[in-house]
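Here is the structure we will look at.
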Amino acid sequence: MTKTLSRRGVLKTGAVAGAGVALPTIFTASSAAAFTNEPTGSTVTLGFNVPQTGPYAEEGLDELRAQELAVQHLNGEGDGGMMNTFSSKALKGNGIMGKQVKYVTGDTQTKSDAARASAKSMIEKDGAVMINGGSSSGVAVAVQGLCQEAGVIFMAGLTHSNDTTGKDKKANGFRHFFNAYMSGAALAPVLAKEYGKDRRAYHLTADYTWGWTQQESMAAATEAMGWETVNNVLTPLASTDFSSYITPVLNSGADVLVLNHYGGNMVNSLTNAVQFGLLDKMVNGKKFEIVVPLYSELMAAGAGENVQGVIGSMNWNWQLQDEGSKAFTKSFGEKYGRPPSNSAHTCYVQTLLYADAVERAGSFNPCAVAEALEDFEFDGMGNGPTTYRGADHQCFKDVLVMRGKENPTNQYDTLEIVEVTPRAQVEYAPDHPMFAGGDLGECNPGA
Amino acid sequence: MLGLDKKDTGLLLVVVVLALFAPFILNLFPTNSGMAFFNGGYPDLMQRFAIFGIFAIGFNILFGLTGYLSFGHAAFLGVGSYAAVWMFKLLNFNILPGLVLSVIAAGLLSVLIGYISLRRSGIYFSILTLAFAQMMYAIAYSDLLGRWLGTTITNGETGLQIYNDDPQILLGNGPNVPHLFGLEMRSKVDLALGPWNFTFPVGYYLCAILLILAFYLSIRIFRSPFGLMLRAIKSNQTRMMYTGLNAKPYTLAAFVISGMYAGLAGGLLAAMDPLAGAERMYWTESGAVVIMTILGGVGTLIGPILGAGTIKYMENIISKMNESLLDSWFAFLPDWLQHAVVWVATWFTGEGWHMTQGLLFMLVIIFLPGGLVEGGQKLTGLFGRKRAQTQTKTEPAE
């Protein structure tokens, strides 16, 4: 023991002395770069952080497909997709600012902690300059906060809660997806037209942030149309059987059921409601109706024929006939043999918009990129003319009102477009009470 | 040394060396080589190694010594995180008050939960702790406490974050990120040696020092009369009662100590990354610490640290292997073989990392019931001078 100790002592002293001499030359403080993960080589790395396991795995995998497609298009492979229809022509198909685009992926597991861990490893280990994607508002808010602290750009993906660009907004984060307020504003007029202005609504709401903001927005929008809100019942997020919540609806005197649920929750509650025969009932002399404020293709597929005739809203749908949507649906379909979902569209578009903003800013510096994205107006990415508002980093564009198709022709043909609600109707002031209390803060370049 | 015998001193030294040189040990491969993917030496993962090491060490004090299998330890982790973030929100970004409060809060909660749950043993104890933890999770996830009080306590599913308009009464001109008396947790020093890059994060070294202290404390507990009493409870509690000893104060003390370890780990998680989310309390997290401890070796001193490291490495590295990466690795194979290999590999990588974890866990349980520590002993028994020691053999939990 003494022998080894003395040998170790000698080695240690030597190592410490050597390190001491070399210290000033080989240690570099991390503040040497101008901003976090400044790309110096011939490539630039983007981080795609999506749920690959857990309740939103389907959405996440579709987002991943779209992001891979976007990288191909940025690098000049494939048919270019929406780059051909995008109103800004800064992208040349030679990567971003001549640097080839590479990407790393991670699994958010739809948990804030896992999502932050995976985003951190992308930033700290892989040198990602931008984090894109994800489902669930809780995850989006958590990762947005992380990107703000770390000094990279965050493009949010599928997040519908008002809070993402409301009280939790951050200067380094942008959201292309629409939000609960817009759903309410788009749905209310259609509902009034289809079902009349004298209706009594009963809300079932998933008991978490998104559910609350969704319910608040729907109640406000429908009450403005003359509807009455009979009751709002919060359901635990982990519920799988909603029978016990459906029975009281029948005795409440309500004639519309609003399901502020998403994913598996929505599939189960809608199925329960249809099984209870709600849609065949007549209440107050009117036919009973069900409304699902936030729709997605993957949920509609999960609920099967139960969605028939049920109205909801969406950010984008592959059936849109503008040039951008057609080009994207075509190149996505050719590569994967299926139409893209609306979360896939969001993540694809966000990747291109980030790349375009870098080109226009002439720098990967997140502050320059954010400046290029703020109040940026463009067209040709589906949804018509679109703006990224600088005041809260929320995207404004047309919103779709959808209805479950009565006679689907194939497994992807589950929803039909009822109305494309013009952008003006869903716009709101940045200091709207439902979005109040937040602070963008200063853009953070990190380092 | 430090009141330890020779063998324990050796073990402590191993942990000290592992902890202090982790940035080198985990970054074995040059930055631009193909193997760099397997490097784990970036700040976040190293911090997780140390933090979950502390969590597992604490859990092992309860499970390894008394045999009481708690299935709700994540609740203490979560409470620790919330306590720390609240200190950031109310005082300032100095992590010291946060860490202290997180240990106290988790300690108080574990007194409460332990007092009730320890009325039963075996599977009933496990179920009780699980029920309490799920209850805490539900309270945090829907912020029931906050709604009852008419304010925000856990901020629901979004997680507790720090906003610019929080009180932070001591903030002044201090740093806007977690720090210890001005030393920022996020700052780091990079060392480039030829093609290698090593990172030395401040936050990690704080965690590492606490890990070493936690490990030292756990050795002392294992070797103390108190530890002996806990082992006696594990081997035959009925007999202890017949000899006139009341076991409950001892088990409760062990429960509270391990709860405080979990609280410290939770506080550190928040100190490294100022956010507290409800998923941290979910039962899968409680299950993860059980798996870490069993994988490493229940009742052994160093086992839990190894187990925590293995699980966290897999969670963060294997889950990031995607199909295009696998394609490039196996590009040297003929096309048809490449597709076949990649097809098989995708089941175990990326989103399939849980499968790899499950397989490893099964292999360890079947062939190495004593965990990785037993594996290490068998190896030294094969190649080394000494025969494998049987001292760490574990008895099944009651």
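Each chain gets a letter, A, B and so on, in the order the sequences are listed, and its residues count up from 1.
- Most heavy-atom pairs under 4.5 Å with chain A: of the set B:Ser142, B:Pro201, B:Gly41, B:Gly159, this distinction falls to B:Ser142.
- In this structure, chain A has heavy atoms under 4.5 Å from both the backbone and the side chain of B:Asp273.
- Only the side chain of B:Thr284 comes within contact range of chain A, with at least one heavy atom under 4.5 Å from a heavy atom of that chain.
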After noting the C-alpha distance and the side-chain angles of B:Met185 and B:Gln47, does the key distance pass the side chain to side chain contact (heavy atoms under 4.5 Å, CB included) rule? CA-CA 11 Å; B:Met185 291 298 120; B:Gln47 285 155 8; over 6 Å; no
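- Taking the six-membered ring wherever Trp is involved, the centroid distance between the rings of B:Phe24 and B:Phe200 falls below 6.0 Å.
- Among B:Pro274, B:Gly277, B:Ala138, B:Ser319, the residue making the largest number of heavy-atom pairs under 4.5 Å with chain A is B:Pro274.
- Under the 3.5 Å distance criterion, the side-chain polar atoms of B:Thr154 are matched with a main-chain donor or acceptor of B:Ala140.
- Using modelled atom types and a 3.5 Å distance limit, the side chains of A:Thr165 and A:Asp392 yield no donor-acceptor pair.
- Proximity to chain A is limited to the side chain of B:Ile317, based on heavy atoms less than 4.5 angstrom apart.
- Looking at A:Leu64, neither its backbone nor its side chain comes within 4.5 Å of chain B, counting heavy atoms on both sides.
- Between chain A and the residues B:Pro43, B:Gly40, B:Gly156, the most heavy-atom pairs under 4.5 angstrom are made by B:Pro43.
- With chain B as partner, the option from A:Lys167, A:Lys170, A:Lys111 having the largest number of non-hydrogen pairs under 4.5 angstrom is A:Lys111.
- Of the listed residues (A:Gln52, A:Lys120, A:Met122), the one with the most heavy-atom contacts under 4.5 Å to chain B is A:Lys120.
- A cation-pi contact, defined as under 6.0 Å to the ring centre and within 45° of the axis, links B:Lys312 to B:Phe52.
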Between A:Glu124 and B:Lys188, is a salt bridge (Lys or Arg N to Asp or Glu O under 4.0 Å) present by the stated rule, with each step listed? CA-CA 11 Å; A:Glu124 291 175 355; B:Lys188 58 186 192 209; over 6 Å; no
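- At a 4.5 Å heavy-atom cutoff, A:Ser161 makes no contact with chain B through either its backbone or its side chain.
- If you tally non-hydrogen atom pairs under 4.5 Å between each of B:Leu45, B:Asn39, B:Leu275 and chain A, the highest count goes to B:Leu275.
- The aromatic rings of B:Phe38 and B:Trp329 lie parallel to each other, with less than 30° between the two planes, well short of the 60° mark.
- In this structure, the portion of B:Ala36 lying under 4.5 Å from any heavy atom of chain A is its backbone and not its side chain.
- Residue contact with chain B, scored on non-hydrogen atoms closer than 4.5 Å, involves the side chain of A:Gln109 exclusively.
- Each of A:Ser136, A:Ser137, A:Ala140, A:Ala117 has some count of heavy-atom pairs under 4.5 Å with chain B, and the biggest count is that of A:Ala117.
- A donor-acceptor contact shorter than 3.5 Å links the side chain of B:Asp143 to the backbone of B:Asn155.
- Considering only heavy-atom pairs separated by less than 4.5 Å from chain B, the leading option among A:Leu234, A:Asp168, A:Val139, A:Asp163 is A:Asp168.
- Between B:Tyr141 and B:Tyr282, the ring center distance fails the sub-6.0 Å criterion.
- Residues B:Met281 and B:Leu77 have side chains not in contact (no heavy-atom distance under 4.5 Å, counting atoms from C-beta outward).
- Counting heavy-atom pairs under 4.5 Å between each of A:Gly60, A:Ser112, A:Gly138 and chain B puts A:Ser112 at the top.
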